Undergrad: 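Can you keep this structure in mind? I'll have questions shortly.
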Amino acid sequence: MAVSRPAPRAATAPGGRATPEHTDGDVAADTSGEVTADVTAWRPAVAGVVEVFHARFTGYAYPMHVHEAWTLLIVDDGAVRYDLERHPHGTPHDTVSLLPPHVPHNGSAVTADGFRKRVLYLDASVLGEELIGAAVDGPDLRDPLLRRRVGQLHGALARPGDTLEADSRLTFVGERLRGLLRPGAPGPAEAERRDPVLAGRLRDLLDARATEGITLDTASGLLQAHPAHLVRAFSGAYGIAPHQYLTARRVDRARGLLLGGAAPAEAAALAGFHDQAHLTRHFKRLVGVTPGRYRRGA
């Protein structure tokens with residue numbers, strides 16, 4: 001919500017991550033002292049997310065600036081004060097701040113200790129321009145569920161290979177934001193949560209594409225259903241989210257490959273994981289041991 005500097009230019013690296021081109025010398029110093037900056041930025045392979053920006057700043061103040069994208073901000077340490085449309089705002093740690101595109105804002109730390117923030121820059125496919133007025137009127141959203149969902153989304157975006165999970169979490173973050181900005185709008189009806197036929201069709205699609213994977217947007221297009229409805233219907237029918245189901249199928253596939261003599265790196269690639277580390281993380285969580293130890297015990 002407010003403290004995002006102009007979205008940093010970043011060079012995308014393999015796997016969707018990016019290395020920020022700016023360094024500590026690229027930021028403008030606050031007159032109160034020396035600037036220190038620790039920044040990570042990347043462009044994930046998730047539709048709707050223009051950039052992910054994690055930063056720790058001391059001694060830095062954002063001048064007035066604008067973004068083309070929506071700025072979704074959480075502050076993990078410290079606090080930020082900022083002006084939006086000439087009105088002062090702040091970001092205590094339990095707040096989610098949403099800054100609309102093309103609206104000038106600045107930002108600075110409340111104390112000399114600076115702040116640590118995580119920012120998502122979102123395009124118009126997530127939030128439309130019709131919500132800009134509501135966001136200007138109330139950019140600071142104190143909503144524990146939204147705060148938790150935004151944190152979970154950052155976690156998924158930071159893990160290469162968990163694209164379907166990030167897609168799903170972004171869908172519910174966008175839905176929550178729209179609901180908070182339009183408090184009178186009806187939420188999803190209970191009937192929308194129960195759709196066993198659609199859930200079965202999505203399961204068949206996940207089974208067919210377990211190795212190569214599928215994005216939520218692609219599944220939504222193929223099944224002609226809203227992404228949020230897809231996730232709700234599947235979770236309601238099977239008690240597990242689509243990304244969890246897909247991961248479990250891939251782990252089962254990897255187990256068979258390991259039992260057949262495949263090395264962990266080979267099993268990871270053939271089962272659809274991003275790399276061996278991606279396989280190891282999920283394999284140990286679901287099986288209780290690493291793939292290497294599982295293979296040695298086979």
Side-chain angles (χ1 to χ4, degrees), residues 12-19 40 42-46 49 52 54 74 76 116 118 120 145 147-173 199-216 218-219 227 230-298:
T12 303
R17 298 191 69 84
T19 302
T40 303
W42 70 96
R43 181 179 298 113
V46 174
V49 181
V52 185
H54 294 180
I74 55 177
D76 296 306
R116 181 168 60 90
R118 289 178 286 169
L120 298 175
L145 177 58
R147 181 66 171 76
R148 183 168 67 253
R149 285 180 175 176
V150 172
Q152 291 169 335
L153 175 55
H154 274 282
L157 289 168
R159 297 189 295 268
D162 288 345
T163 304
L164 182 58
E165 178 182 354
D167 279 340
S168 301
R169 295 198 182 282
L170 176 61
T171 294
F172 286 114
V173 165
R201 293 173 63 204
L202 178 55
R203 184 179 64 178
D204 292 343
L205 187 58
L206 294 173
D207 288 340
R209 303 199 182 188
T211 300
E212 64 268 36
I214 189 170
T215 67
L216 192 58
T218 299
L230 270 183
V231 176
R232 282 199 178 90
F234 192 94
S235 302
Y238 301 115
I240 188 173
H243 71 269
Q244 294 173 314
Y245 178 84
L246 179 64
T247 298
R249 288 301 314 275
R250 288 174 168 174
V251 167
D252 280 348
R253 169 71 171 149
R255 292 177 74 162
L257 291 165
L258 292 168
L259 290 175
E266 180 186 9
L270 293 175
F273 288 95
H274 179 75
D275 53 22
Q276 184 175 340
H278 188 213
L279 166 64
T280 298
R281 181 172 66 250
H282 289 295
F283 196 96
K284 187 173 182 180
R285 182 171 57 85
L286 293 179
V287 183
V289 295
T290 65
R293 185 173 178 183
Y294 178 87
R295 182 172 180 264
R296 290 192 299 271

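Please read these numbers as outputs of a predicted model, since none were measured by experiment.
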Undergrad: Could you please spell out the steps behind the side chain to side chain contact (heavy atoms under 4.5 Å, CB included) verdict for Glu266 and Leu270?
TA: CA-CA 6 Å; Glu266 180 186 9; Leu270 293 175; 3.8 Å; yes
Undergrad: Do the side chains of Gln152 and Glu165 get nearer than 4.5 Å, heavy atoms only?
TA: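 Side-chain contact under 4.5 Å: no.
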Undergrad: Roughly how far apart are Leu164 CG and Thr215 OG1, rounded to 0.5 Å?
TA: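 Going from the CG atom of Leu164 to the OG1 atom of Thr215 covers 8.0 Å.
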Undergrad: Of all the heavy-atom pairs spanning Ala45 and Thr163, show the shortest one and how long it is.
TA: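 Of all heavy-atom pairs spanning Ala45 and Thr163, the closest is O-CG2, 3.4 Å.
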Undergrad: To check you understand the geometry: which heavy-atom pair defines the closest contact between Leu216 and Leu230, and what is its length?
TA: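 Shortest heavy-atom separation between Leu216 and Leu230 comes out as CD1-CD1, 4.3 Å.
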Undergrad: Counting N and O atoms only, with roles assigned by atom type, does the side chain of Arg249 sit under 3.5 Å from a partner on the main chain of Tyr245, one being a donor and the other an acceptor?
TA: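 Such a contact is absent between Arg249 side chain and Tyr245 backbone.
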Undergrad: If we ignore hydrogens and angles and just use 3.5 Å, is the side chain of Thr218 paired with the main-chain N or O of Ile214 as donor and acceptor?
TA: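 No; judged by distance alone, with no hydrogens or angles, the pair does not exist.
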Undergrad: Given Arg250 and Thr247, is the side chain to side chain contact (heavy atoms under 4.5 Å, CB included) satisfied, shown in steps?
TA: CA-CA 5 Å; Arg250 288 174 168 174; Thr247 298; 5.7 Å; no
Undergrad: For Arg285, enumerate each residue passing the side-chain hydrogen bond (donor to acceptor under 3.5 Å, both in side chains) test, keeping only those at least two apart in sequence or located in another chain.
TA: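 Once residues adjacent in sequence are excluded, the partners of Arg285 under the side-chain hydrogen bond (donor to acceptor under 3.5 Å, both in side chains) criterion are His282.
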Undergrad: Tell me, do Pro242 and Leu202 make a side-chain contact under 4.5 Å, heavy atoms counted?
TA: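 Answer yes - side chains close enough.
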Undergrad: First locate atom CZ of Arg255, then atom CG of Leu257, and finally report the distance between them rounded to the nearest 0.5 Å.
TA: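 Spacing of CZ (Arg255) from CG (Leu257) equals 12.5 Å.
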Undergrad: Are Leu120 and Leu157 packed together at the side-chain level, in the sense that at least one heavy-atom pair is separated by less than 4.5 angstrom?
TA: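 The answer is yes; the side chains approach within 4.5 Å.
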Undergrad: Measure across Pro44 and Val49 and return the closest heavy-atom pair with its distance rounded to 0.1 Å.
TA: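 Looking at all heavy atoms of both residues, the shortest contact is CG-CG1, 3.6 Å.
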Undergrad: Using only atom types and a distance under 3.5 Å, with no angle test, would you say the side chain of Arg43 pairs donor to acceptor with the backbone of Val52?
TA: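 Answer holds: no.
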Undergrad: Please report the interatomic distance CZ(Arg281) to CZ(Phe273), rounded to the nearest 0.5 Å.
TA: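 CZ of Phe273 is found 9.5 Å from CZ of Arg281.
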Undergrad: Quick one: CZ on Phe234 to CD on Gln244, what's the gap to the nearest 0.5 Å?
TA: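 Phe234 CZ to Gln244 CD: 9.5 Å, rounded to 0.5 Å.
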Undergrad: Please find the pair of heavy atoms, one from Ala254 and one from Leu279, that lie closest to each other, and give the distance.
TA: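 Taking Ala254 first and Leu279 second, the nearest heavy atoms are CB-CD1, 3.7 Å.
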Undergrad: Tell me whether Arg147 is salt-bridged to Asp76, with the criterion being a basic N under 4.0 Å from an acidic carboxylate O.
TA: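 Between Asp76 and Arg147 there is a salt bridge, with a charged N closer than 4.0 Å to a carboxylate O.
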Undergrad: Sub-3.5 Å donor-acceptor pair from the side chain of Arg295 to the main-chain atoms of Gly261, do we have one?
TA: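 Yes, the answer is positive, given that a donor and an acceptor are paired below the 3.5 Å cut-off.
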Undergrad: Which heavy atom of Arg118 sits nearest to which heavy atom of Gly151, and what is that distance?
TA: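 That would be NH1-O, 4.0 Å.
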Undergrad: Salt-bridged, Asp204 to Arg209, with N to O below 4.0 Å?
TA: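 No, this pair does not count.
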Undergrad: Evaluate the criterion side chain to side chain contact (heavy atoms under 4.5 Å, CB included) for residue pair Thr290 and Phe283; output intermediate values, then yes/no.
TA: CA-CA 6 Å; Thr290 65; Phe283 196 96; 5.9 Å; no
Undergrad: Provide the closest heavy-atom pair for Pro291 versus Pro264 in the form atom of the first, atom of the second, distance.
TA: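 Taking every non-hydrogen atom into account, CB-CB, 4.1 Å.
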Undergrad: Decide side chain to side chain contact (heavy atoms under 4.5 Å, CB included) for Lys284 and Val289; before the verdict, give the C-alpha distance in whole Å, the side-chain angles of both, and the deciding distance to 0.1 Å.
TA: CA-CA 5 Å; Lys284 187 173 182 180; Val289 295; 5.9 Å; no
Undergrad: With a 4.5 Å cut-off on side-chain heavy atoms, are Arg149 and Leu145 touching?
TA: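 Yes, at least one pair of side-chain atoms sits under 4.5 Å.
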Undergrad: Between His274 and Asp162, do the side chains contain a donor N or O and an acceptor N or O under 3.5 Å apart?
TA: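 Short answer, no.
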Undergrad: Pairing donors with acceptors under 3.5 angstrom, does anything connect the side chains of Ser168 and Thr171?
TA: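 Looking only at side-chain atoms, Thr171 and Ser168 do not form any donor-acceptor pair under 3.5 Å.
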Undergrad: Using the six-membered ring wherever Trp is involved, compare the ring planes of His154 and His54 and label them parallel, tilted or perpendicular (cut-offs 30° and 60°).
TA: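 Judged by the thresholds at 30° and 60°, the geometry between His154 and His54 is tilted.
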